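Before any comments, here is the structure.
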Amino acid sequence: QLAAWFKVCVCLFAFVSGYGLYLSYRNWKSKHPDCACSRWIWRRYVRTFSDYWLVVVLAWVVCGLIDGRPAAVYCSKSRVAGVMYALLDLLGLGKIFASPLLVGEWWYMSAAALFIVLLPLLFALQDRFGSVPCFIALCLLPRAALGYPGGTNALTFLPAFFLGMAF
């Protein structure tokens, strides 16, 4: 029970991510007011995920040599599905698309990708409606649509992410 009370590290990381990505996007928007937000999303995605890609490839090689785990995890249905699952895992989208993950803790990369993609929209909504209505909506909408997402669902951490943006 004591350990359950201290399960705040992902929420803290979401909060810090919201704060840092907000500042990054705000600075980028001030320097590039006419550029599409997709350019910022792409640049931020590559910067965030480039180190992760190295880790994934190294894990594939090491685990493949030791016990063949990548093939066992990804190719349980077919080789084509296995390639798609591996690609989703590499892109950090495995949890979003409910594909198998080589390492269970890599689920957070789906949350990081979602945060990067949603930040320009949340930035615009915050600018238009203010922080309080947006925060209330982010607390209520996922729960109204999905019930309590909980656990490793990235939507669970949107309120903490948005609070980081607001701060």
Side-chain angles (χ1 to χ4, degrees), residues 8-66 69-71 73-75 79-128 131 134-135 138 141-142 146 149 151-167:
V8 296
C9 61
V10 175
C11 288
L12 288 174
F13 195 73
F15 180 89
V16 170
S17 295
Y19 181 79
L21 289 174
Y22 174 86
L23 291 178
S24 170
Y25 186 71
R26 186 184 69 185
N27 292 338
W28 183 83
K29 280 298 269 183
S30 68
K31 293 177 184 172
H32 307 93
D34 298 328
C35 283
C37 66
S38 59
R39 187 171 173 202
W40 178 85
I41 291 170
W42 175 248
R43 290 175 50 137
R44 177 52 55 188
Y45 181 84
V46 169
R47 287 180 66 184
T48 300
F49 280 78
S50 58
D51 291 335
Y52 170 72
W53 293 331
L54 176 65
V55 170
V56 171
V57 170
L58 287 173
W60 286 347
V61 170
V62 170
C63 291
L65 293 173
I66 292 174
R69 186 177 314 237
V73 169
Y74 298 130
C75 298
R79 289 184 191 259
V80 174
V83 170
M84 294 306 295
Y85 291 152
L87 183 61
L88 287 172
D89 213 359
L90 180 69
L91 295 174
L93 303 175
K95 185 65 179 177
I96 290 173
F97 290 101
S99 71
L101 305 174
L102 181 65
V103 177
E105 288 77 15
W106 289 352
W107 72 267
Y108 185 77
M109 298 313 289
S110 291
L114 185 68
F115 294 160
I116 291 168
V117 170
L118 288 181
L119 186 107
L121 173 66
L122 295 174
F123 186 93
L125 289 173
Q126 182 184 31
D127 190 42
R128 169 105 190 219
S131 294
C134 289
F135 178 71
L138 285 172
L141 288 177
L146 303 169
T152 58
N153 189 318
L155 295 175
T156 302
F157 302 101
L158 281 178
F161 178 75
F162 187 78
L163 274 179
M165 287 177 57
F167 275 81

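Side chains included, hydrogens not; waters and symmetry mates left out as well; all remaining heavy atoms used. Everything numeric here is computed off the predicted structure, so don't read it as measured data.
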- Message: Is it the case that atom CZ in Phe13 sees more than 12 heavy atoms from other parts of the structure closer than 6.0 Å?
- Response: no
- The reported gap from CD1 in Ile116 to CD1 in Ile41 (rounded to nearest 0.5 angstrom) is 9.0 Å
Side-chain donor-acceptor pairs under 3.5 Å in residues 18-29, sequence neighbours left out?
residue	atom	partner	partner atom	Å
Ser24	OG	Trp40	NE1	3.3
Ser24	OG	Arg44	NH2	3.0
Asn27	ND2	Leu23	O	3.2
Trp28	NE1	His32	ND1	3.3

- Task: List the atom of Tyr85, the atom of Ser99, and the distance in Å for their closest heavy-atom pair.
- Result: CD2-CB, 3.2 Å
- Message: Give me the atom names and distance for the closest heavy-atom approach of Ala160 to Cys11.
- Response: CB-O, 3.7 Å
- Query: For Phe97, which residues count as a side-chain contact (heavy atoms from CB on, under 4.5 Å) partner, sequence neighbours excluded?
  - Reply: Leu88, Leu93
- Using ring-ring contact (aromatic ring centres under 6.0 Å, His included) as the criterion, list what pairs up with Phe162, not counting sequence neighbours. none
- Message: What's the separation between atom OH in Tyr108 and atom OG in Ser17, rounded to the nearest 0.5 Å?
- Response: 4.0 Å
- Query: For the residue pair Phe135 and Pro159, what are the closest heavy atoms and their distance?
  - Reply: CE1-O, 3.6 Å
- Note on the structure: In this structure, CG of Leu163 is separated from SG of Cys134 (nearest 0.5 Å) by 11.5 Å
- Say you draw a straight line from CH2 of Trp53 to CE of Met109; how long is it, rounded to the nearest 0.5 Å? 9.5 Å
- Item | CH2/Trp42: more than 12 non-hydrogen atoms of other groups inside 6.0 Å | no
- Message: Has Tyr45 got a side-chain atom pairing as donor or acceptor with Leu91's backbone, closer than 3.5 angstrom?
- Response: yes
- Item | Rounded distance (nearest 0.5 Å) linking atom CE of Met165 with atom OG of Ser131 | 8.0 Å
- Start with the C-alpha distance between Val10 and Trp107, add both sets of side-chain angles, then the distance that settles side-chain contact (heavy atoms from CB on, under 4.5 Å), and finish with yes or no. CA-CA 11 Å; Val10 175; Trp107 72 267; 3.7 Å; yes
- Before giving the answer on side-chain contact (heavy atoms from CB on, under 4.5 Å), spell out for Phe115 and Phe157 the whole-Å C-alpha distance, their side-chain angles and the decisive distance to 0.1 Å. CA-CA 9 Å; Phe115 294 160; Phe157 302 101; 3.9 Å; yes
- Residue set satisfying salt bridge (Lys or Arg N to Asp or Glu O under 4.0 Å) with Arg43, at least two apart, ordered chain then number -> none
- Item | Approximate separation, where rounding is to 0.5 Å, of Ser110 OG and Leu155 CG | 11.0 Å
- Which atom of Gly92 lies closest to which atom of Ala113, heavy atoms considered: O-CB, 4.4 Å
- Message: Among residues at least two apart in sequence or on other chains, which ones pass side-chain contact (heavy atoms from CB on, under 4.5 Å) with Leu118?
- Response: Leu114, Leu121, Leu122, Leu158
- Item | Partner set under side-chain contact (heavy atoms from CB on, under 4.5 Å) for Val56, not counting sequence neighbours | Tyr52, Trp60, Leu90, Trp106
